Amino acid sequence: MTRRRWIADTWTETTASLKGEQAAHLARVLRAQPGQVFDVVADGFLHRAEVVSATEHEVVFTLHEELEAESALPVHLLMAVFKFDHMEWGIEKATELGVARITPVIARRTEKHLAQAAAKRVERWRRIVREAAQQSRRSDVPEVDDPVMVKMALGMVSAETKLLLAETEQENSLWSELASQRVSELAGVALAIGPEGGWTAEEMGLFSENGWKHVTLGPRILRAETAAIAGLAVCGAML
Ligand code: SAH
């Protein structure tokens with residue numbers, strides 16, 4: 001049986017705590033009692049953990065043995081900022097699919113009011129990835145960077161394979177590009193997804209100059225959030 005998994009808010013070498021809403025949920029709704037055992041992620045490591053005390057403000061565990069945990073997909077997503085409800089759905093699904101890092105990018109065609117509101121929205125995005133990571137039983141929480149302009153984002157990528165998802169690309173597909181690289185050589189993949197209006201020609205040029213290859217997900221035009229999900233699913237299958 002799989003035990004319910006929690007991501008600790010604070011920890012020491014031998015203990016971990018859940019606070020705030022998580023503690024309230026565990027104590028009040030699930031009625032956690034001392035002695036009960038859960039899986040708890042502390043400092044990025046998954047442990048078997050036993051409840052020592054539970055109030056609706058804090059649930060404290062002692063950490064027992066470390067458990068084996070699956071690792072994130074080595075995928076860094078550069079996601080243009082677009083309509084928040086759609087974008088947030090994409091962020092949640094990308095987390096479920098294993099994304100390691102998300103950099104929100106203010107693209108040329110990101111609507112002005114969204115670009116202005118993005119900096120304040122990032123806390124919400126971090127909450128979404130945290131909840132989605134826990135729900136999908138990940139043992140790590142993807143990093144979500146502060147929103148940045150395209151040029152800045154390009155400098156934040158360390159992945160060796162850099163792929164710009166572009167509906168204008170007719171031939172080179174994401175899967176053929178990944179298949180042509182030896183998996184052992186894949187020191188991470190970066191995927192860039194444009195906003196609702198797509199990347200401008202100028203932006204596409206900038207990506208190219210920085211070593212990004214253009215790839216397609218097929219002949220249909222996908223919404224940005226669909227492209228993010230499809231792109232990660234292909235990476236998950238190929239890596
Ligand atoms: N400019 C387009 C829409 C852009 S879709 C239009 O005609 O309205 C938003 C983003 O999703 C794109 O920037 C691209 O990154 C991604 N995308 C959509 N369809 C794609 C496809 N078939 N292949 C690769 N990427 C795609």
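In this text, all values refer to a predicted model and were calculated from it rather than measured experimentally. Below, each value reflects all heavy atoms present in this structure, side chains not excepted, and no hydrogens, waters or symmetry copies. Whatever order the structure lists them in is the order used to number ligands and atoms, beginning at 1.
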K.L.:
Do you know which of Glu58, Gln22, His57 makes side chain to side chain donor-acceptor pair (under 3.5 Å) with Ser17?
P.N.:
Glu58

K.L.:
Do Glu88 and Trp125 have side-chain atoms, one donor and one acceptor, less than 3.5 Å apart?
P.N.:
yes

K.L.:
Hydrogens and angles aside, do Gln135 and Glu92 bring a side-chain donor and acceptor to less than 3.5 Å of each other?
P.N.:
no

K.L.:
Taking all non-hydrogen atoms of both residues into account, name the closest pair between Arg108 and Glu203 and its distance.
P.N.:
N-OE2, 2.6 Å

K.L.:
Identify, chain by chain and in numerical order, each protein residue with a heavy atom under 4.0 Å from an atom of ligand 1.
P.N.:
Leu165, Ala166, Glu167, Ile193, Gly194, Pro195, Glu196, Gly197, Gly198, Trp199, Val215, Thr216, Leu217, Gly218, Arg220, Ile221, Leu222, Ala224, Ala227

K.L.:
Assess the side chains of His47 and Glu65: does a donor N or O sit below 3.5 Å from an acceptor N or O?
P.N.:
no

K.L.:
Indicate yes or no for a side-chain donor-acceptor contact from Thr226 to the backbone of Leu222 under 3.5 Å, with no hydrogens or angles considered.
P.N.:
no

